[in-house]
Structures are given as C-alpha cells and as structure tokens.
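Predicted model, so just to flag it, every value in this text is computed and none were measured.
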Amino acid sequence: MATSARAQAAGIEGTGPWPNVRALAAPFDPLFAVPAVVAARAWLAPLLVTMLATAAGSAVLASRIAPSAPVRAKLEKAGELTKVTDRELSEQIEQARRVAIVAGVAKGLVGVPLLALLAAVATWLAARLVGARPGFGTALAVVAVTLVPVAVEQIVTLSSALRQESLSATTALVLVPSSLAQWVEAPGPVAGWKPGAALKLLSLVDFFHAWRALVFGFAFASAVGGRRAWLVPGAVALYVLVIAAATVGLPGLLESGGGR
C-alpha cells in the first residue's frame with residue numbers, strides 16, 4: 001500500500017503506539033509525514049509529549065499569574081474582605097496559586113488524554129460515516145498527531161512565561177500573539193450578537209488552530225483512505241466547525257439558558 005510505503009520511508013513503519021521521535025516532526029510535513037504516522041498508528045509519542053508540554057506550560061503560567069485580584073474579589077463578594085488579616089489574605093492568595101498549579105498539571109496529565117480519547121471516538125465514528133472502517137488505533141493516531149501543534153504552542157507559552165516575573169489574567173491571554181483577535185480591534189456590539197462574540201470569532205483565526213486543522217485534514221484523509229480532493233478540505237471544515245461550536249456556539253447557548 002502507498003501509505004505503508006510512505007511510513008516505511010519516513011522510518012515510522014511498524015512502531016505501533018510506541019514512542020518514535022520522528023512522529024513528533026510529522027506536523028511540520030503534513031503532506032507526507034502525517035499519513036506515515038497514521039499508517040503506522042504511532043500515537044504514543046505525540047500524545048505523551050503533548051501531555052507533558054501542556055502540564056508544564058499550564059503549571060508555569062499558573063505560577064506566574066498573580067491570584068490576588070480574584071481572591072480579593074471573592075472575599076469582597078462574600079463580605080469577608082474587611083474581616084481577614086493581611087497574613088490570612090496572603091495565605092489564601094498562596095493557596096489559590098497552588099491550586100491553580102495543580103489544576104494546570106492535571107490539565108496536561110488527565111485532561112489531554114481524556115480529550116484525545118473522546119476525539120478519537122468521534123474521529124472513528126466520522127470515518128465510519130463516510131464508509132471507512134479504520135481501527136481505533138488509527139483514529140487515535142489521527143488525534144495524537146493533530147495535538148502536536150498544541151505541544152508546540154505550550155512550549156512557546158512556557159518559554160514566554162518563564163521570562164515574566166508575574167502576569168495578570170488578561171496579560172496571560174496575549175502572551176503568545178497568534179490569533180487575529182490580538183492584532184485587530186474587535187467591533188462594538190452588533191444587533192443580535194452577544195457581547196464578546198465578535199472577539200471569540202476573531203480568536204478562531206489563529207495560527208495554531210489553522211495548523212491543527214491542516215494536520216487533521218491530511219491525517220483524517222489518510223485514515224479514511226479516500227480521495228483527498230474532497231476529504232482534506234472536508235476534514236478541515238469539520239475541525240473548524242467543531243472548534244467554532246465549542247468556542248462560540250456552546251458558551252452562547254449556556255449564557256442564553258442562564259439568562260432566563
């Protein structure tokens with residue numbers, strides 16, 4: 001098979017799930033290397049690196065964000081700000097920082113594999129819908145190689161956060177200026193649109209989103225084994241729709257339901 005020959009040429013053939021550093025470089029060559037990773041079902045190395053990078057990046061970012069403002073706001077809302085001593089306030093701020101760091105580590109070590117499993121199930125079902133019957137390991141490889149750009153983003157965030165002594169929650173969001181929302185001023189309120197919806201839409205135009213969508217397109221097309229003329233753009237469109245629904249659509253529905 002062409003995919004098998006391509007995997008063998010890339011040096012990934014026969015690795016199965018086991019770590020292979022060449023699989024980590026696949027997203028930098030989506031046209032040839034990504035199909036090789038999917039053909040070899042080499043999902044473990046990309047998944048492990050994404051988990052570790054996300055855990056480290058999230059933990060370092062949490063350690064740099066000063067939680068004093070949220071803690072003060074919480075105490076003020078509860079009417080306890082004037083009742084606590086400076087020492088108690090410092091202890092609560094430090095406790096909040098530790099919780100955020102632990103949550104950041106859990107995001108990488110627990111959240112990423114759970115997300116990968118759910119996405120692999122969805123990918124496997126989508127492949128079945130178009131008439132293909134890939135194994136679950138193949139679907140997991142599609143997801144794992146798509147997550148590598150996440151690891152790259154987390155590594156960039158980690159290196160940027162390490163250069164900062166402290167960050168605010170707002171500054172942390174623009175630490176890595178990769179989306180259009182960070183370069184273009186969002187339009188004001190528009191009739192029929194919720195506040196912030198335009199900003200969320202602009203944030204979807206992001207370098208890492210586009211990279212992941214492209215990788216997913218080639219990976220899914222390889223898993224399905226059909227004609228890429230429609231599969232690649234179709235898979236890219238599917239990825240964009242899912243991200244848009246999760247980023248803009250679902251929060252909007254929750255806000256609408258909560259406002260009633």
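The structure places OG of S160 at 12.0 Å from CD1 of I155, a figure rounded to the nearest 0.5 Å. Once rounded to the nearest 0.5 Å, the distance linking NE2 of H209 with CG of L214 reads 14.5 Å. Here CZ of R212 is found 5.5 Å from CD of E153. Values are rounded to the nearest 0.5 Å. Atom CG of L114 sits about 11.0 Å away from atom CG of L109, to the nearest 0.5 Å. From T123, atom OG1 reaches atom CG of L140 across 9.0 Å, with rounding to the nearest 0.5 Å. One finds the CG atom of L147 at 12.5 Å from the CH2 atom of W43 (value rounded to the nearest 0.5 Å).
Following chains of ILVMFWY side-chain contacts shorter than 4.5 Å, one cannot reach L125 starting from V142, and the two form parts of different hydrophobic clusters. Hydrophobic clustering keeps W124 apart from V224 (ILVMFWY residues linked when any side-chain heavy atoms are closer than 4.5 Å, directly or through intermediates). The hydrophobic clustering, which links ILVMFWY residues whose side-chain heavy atoms are closer than 4.5 Å, places V34 and F28 together. F207 and F218 fall within the same hydrophobic cluster, where Ile, Leu, Val, Met, Phe, Trp and Tyr residues are linked whenever their side-chain heavy atoms come under 4.5 Å apart, directly or through other members. Residues V60 and V156 are members of separate hydrophobic clusters, defined by side-chain heavy-atom contacts under 4.5 angstrom among Ile, Leu, Val, Met, Phe, Trp and Tyr.
Here the closest heavy-atom approach between residue M51 and residue V112 is recorded as CG-CG1, 3.7 Å. Contact record, V38 with A141: CA-CB, 4.1 Å, taken as the closest heavy-atom pair. Nearest heavy atom pair, residue A33 against residue A26, reads CB-CA, 3.6 Å. Of all heavy-atom pairs between A56 and L158, the closest is O-CD1, 3.9 Å. Contact detail for P27 and V148: the closest heavy-atom pair is CG-CB, 3.4 Å. The shortest heavy-atom contact between V105 and A59 is CG2-CB, 3.8 Å.
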Take I65 and L61, measure what side-chain contact (heavy atoms from CB on, under 4.5 Å) needs, and give me the verdict at the end. CA-CA 6 Å; I65 296 177; L61 196 61; 4.2 Å; yes
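Remark: of the listed residues V49, T54, T50, T54 is the sole one forming a side chain to side chain contact (heavy atoms under 4.5 Å, CB included) with Q154.
For W211 and F216, the distance between ring centers is not under 6.0 angstrom.
No donor-acceptor pair under 3.5 Å is formed between the side chain of T138 and the backbone N or O of P134. A donor-acceptor pair is defined here as one N or O able to donate and one able to accept, closer than 3.5 Å; such a pair exists between the side chain of R97 and the backbone of S63.
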